[in-house]
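Structure record follows, encoded as structure tokens.
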Amino acid sequence: MAKIDLVRNIGVVAHIDAGKTTVSERFLFHSGKIHKAGEVHDGETQMDWMEQERERGITITAAATTFEWKKHEIHLIDTPGHVDFTIEVERSLRVLDGAVVVFCAVGGVQPQSETVWHQADKFHVPRLAFVNKLDRVGASFEGVVAEIRERLGANAVPVQLPIGTEDQFEGVVDLVHQQALYFTGDISDAPEVRPVPEALAGAVAEARERLVAAVADLDDAIAERYLEGLALEPAELMAALRKAVIAVKLIPVLGGTALRNKGIHPLLDAVIGLLPSPAEVPPVTGVDPRNTSERLTRAPRNSEPFAALAFKIAMDEGRKVVFMRVFSGVIEAGGELLNTRTGKKEKVARLFRIHADKRERLDKAVAGEIVAAAGLKEATTGDTLCDPRSPILLERIDTYEPVISQAIEAENNAAKERLDFALAKMADEDPTFRVKEDAETGQTIIWGMGELHLEVVVDRMRREYGVAASVGKPQVVYRETVLGEAEGHAVFEREMKEQRIFGDVRCRVRSLPRASGVKFVRQLAAGAAAVPEPVIESALQGLRDAASSGADGFPLEDVEVTLLAVATAEGADALIGARAAAAEAFRRAVAAANPQRLEPIMSVEVTTDDEFLGAIIGDLNQRRGHIQDVATRGPKRVVTALVALRNMFGYSTRMRSLSEGRATFMMKFHAYDTLAA
């Protein structure tokens, strides 16, 4: 087990198709962890191990692995780039100490690059930028560096310069050590170190000057040496650079082409040379669950009480595995932990180190490690697991509200049980996936972050759980109201098995303002005192039953229902009679009070760049939306609108195409209102 100073917990993050998974695969190959580097386009990568990932050529789930490089132990998480799986990036960054952000040399800063960058900012994650695909036509190292500065507002400083461009790209100049590294392109060849080529001497001197100036701005000792014109030793420059990176004040930029095996060795060197070990990040902070005003810290030491954060739940052959980042202390297999959220103790049955979908048993986990634990039945994403004698509650991981839903049903009753089981397991794994049974339609509705998200869920259900289910569009559940006021009167009389049933009820319905709900009022005349209380209650129950299914079969909303009179007949069953008469009186009153159908209106908030604002507003207007507000939030514009739910189906896909994938939206229920034409 490596000393904590020799450990690195890093993630590889980027926009879809920038080459994250290929970079991760090359890391594993060069470290000797795997002996054949898989390609995304062949569907043979180690990190994209799910069948759905291999088929689509994208990363869906954050895969964890551990490998060694120059006596350092590196825990690596390869994260998804697609916006539908953004929670995977968010929860990974929450537990990592550093990140390698991959940019495409042609595409530059793409929409999802901005999202992951801001997520890393949120957690103050030190990072390196790697400009990938420098061999592609139209590649521009300088252009991407400029975009990182302008669009992400980052202090991006190249620590390398490429040698050659596009198909002539053959190596990089290391500006710290002032030497050239040439790559043959053969995966098993190490880079060849040579002097800086004559033709690049001027550009290299300028670039190194800029690098030293950038570091001098952040380091007084370097600034003094720089101003005195003294030469800087590579070790001094690296130490100052490392300090600036760990303080998230500077982003070193490296370059290469992962697919052609160029630039990976120096990138791995930069991971161990510039990104922090768990001992170099600030102690994690939390609160005492017994007294939430008391702040507690846990330093990354084995001698501290145990504290870890569960950041991902996965199912392995139907068994639950909890991925956790150990911030402090030691836990042994068979040890007991307190889940601060539930207040219950749970036993760690087994501990593993994970390599994609393979695992290695561990006797214990120590501070700074990322491990998987089996046996924690109640733990879920964001839970704090700690020493029962020293409880601490760490900050939870934010989850996103799902924005799209579909109805799903099993093919028969036998499959329904398996469907419910599979859905419950997947909801446990993924905090952005929700399931609920609609009491009114009897449908099972699944909610997710986008169409691709739900498509993958349904596909996984079929393959992993053997559940064949059909999905459709969810049905909008309408409501009814009345626009006026009217009374209704009904008499119910029947003879059944020598028993006479009788009820005579009069009621009134009138409209209430929107979002008032349904109110039931008793306003019986003085002479009604002779009517027994159970009969009056039965009449009120009849009104409630009728209000739950209205004249058209939809529940009523925003209506006041008043019971005006109840009459009985001697010797007759008044309980059943009053209930039946009340329901009929109610239906007659509703029919006379100008009934109107209502539909769910959603509050929609779209966050977009200025350039797409017109298109977004135009589309919401086409959907008969009412724009409420257009505000500015940082560099983004936020449009708030009220739109009927039935006009919002397919919106996420449309919005992404209008905004080149840059806009995001949240949708929540606002109120029921009259049906717009």
Side-chain angles (χ1 to χ4, degrees), residues 10-20 22-23 79 81 83 86 89 93 96 98-136 138-162 165-166 169 172-176 203 206-215 217-218 241-242 244-258 263-264 266-267 270-271 273-275 609-611 634-636 660-662:
I10 64 158
V12 181
V13 297
H15 182 84
I16 196 164
D17 273 349
K20 295 175 308 305
T22 308
V23 168
T79 61
V83 68
T86 193
V89 185
L93 286 169
L96 293 172
V100 175
V101 187
V102 182
F103 295 92
C104 170
V106 182
V109 176
Q110 293 164 288
Q112 192 63 4
S113 331
E114 294 181 48
T115 306
V116 297
W117 194 270
H118 296 315
Q119 284 171 319
D121 278 342
K122 179 172 161 185
F123 298 121
H124 305 291
V125 179
R127 64 215 92 139
L128 307 174
F130 181 68
V131 181
N132 193 25
K133 306 188 182 183
L134 280 172
D135 59 325
R136 293 263 299 272
S140 168
F141 183 78
E142 298 76 17
V144 177
V145 174
E147 275 197 36
I148 296 172
R149 285 184 188 139
E150 288 159 25
R151 293 195 38 191
L152 303 176
N155 182 17
V157 182
V159 292
Q160 291 180 347
L161 274 193
T165 56
E166 299 179 352
F169 172 67
V172 294
V173 174
D174 177 341
L175 297 174
V176 175
E206 264 180 56
R208 190 171 199 272
E209 181 81 4
R210 282 197 294 274
L211 169 62
V212 173
V215 175
D217 279 346
L218 304 167
L241 198 52
R242 178 184 181 82
V245 171
I246 292 172
V248 199
K249 290 180 176 172
L250 185 146
I251 311 291
V253 187
L254 300 90
T257 168
I264 298 298
L267 181 58
V271 164
L274 297 173
L275 291 177
D609 290 346
D610 223 358
E611 61 192 289
K636 302 276 190 182
E660 295 173 14
R662 288 190 205 169

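Counting begins at 1 with the first residue of the sequence.
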Fill in the blank from the handout: Nearest heavy-atom contact between F169 and P162 is CE1-CB, 3.9 Å

Exercise for the section: Give, for atom CG of L241 and atom CG of L211, the distance between the pair rounded to the nearest 0.5 Å. Expected result: 6.0 Å

Exercise for the section: Apply the test side chain to side chain contact (heavy atoms under 4.5 Å, CB included) to residues F130 and V12: give CA-CA distance (whole Å), side-chain angles for both, the deciding distance (0.1 Å), then the verdict. Expected result: CA-CA 10 Å; F130 181 68; V12 181; over 6 Å; no

Problem - L128/L267 under side chain to side chain contact (heavy atoms under 4.5 Å, CB included): CA gap, chis, key distance, verdict - result: CA-CA 9 Å; L128 307 174; L267 181 58; 4.3 Å; yes

Problem - Nearest-0.5 Å distance, CG of residue L134 to OG1 of residue T257 - result: 7.0 Å

Exercise for the section: Compare all side-chain heavy atoms of R127 with those of D121 and state whether any distance is below 4.5 angstrom. Expected result: yes

Fill in the blank from the handout: Scanning both residues in full, the closest heavy-atom pair of A244 with L218 reads CB-CD1, 3.7 Å

Completion exercise
Scanning both residues in full, the closest heavy-atom pair of L274 with P252 reads CD1-CG, 3.9 Å

Exercise for the section: Could you tell me which non-hydrogen atom of A129 sits nearest to which non-hydrogen atom of I148, and how far apart they are? Expected result: CB-CD1, 4.1 Å

Fill in the blank from the handout: Residues passing the salt bridge (Lys or Arg N to Asp or Glu O under 4.0 Å) test with R208, sequence neighbours excluded, are none

Handout entry: From L161, V212, V157, residue fulfilling side-chain contact (heavy atoms from CB on, under 4.5 Å) relative to L175
Key = L161

Problem - Heavy-atom pair with the smallest gap, counting every atom of P126 and V245 - result: CB-O, 3.3 Å

Exercise for the section: Tell me, with the steps shown, if R149 and I251 meet side chain to side chain contact (heavy atoms under 4.5 Å, CB included). Expected result: CA-CA 10 Å; R149 285 184 188 139; I251 311 291; over 6 Å; no

Handout entry: Intermediate values then yes/no, side chain to side chain contact (heavy atoms under 4.5 Å, CB included), L254 and V100
Key = CA-CA 10 Å; L254 300 90; V100 175; over 6 Å; no

Handout entry: Closest non-hydrogen atom pair between F103 and G108, with its separation
Key = CD2-O, 3.9 Å

Practice task
Check whether any side-chain N or O of Q160 sits under 3.5 Å from a backbone N or O of V253 as a donor-acceptor pair, and report yes or no.
Solution key: no

Completion exercise
Sorted by chain and residue number, the side chain to side chain contact (heavy atoms under 4.5 Å, CB included) partners of I246 (sequence neighbours excluded) come out as R242, P276, E280

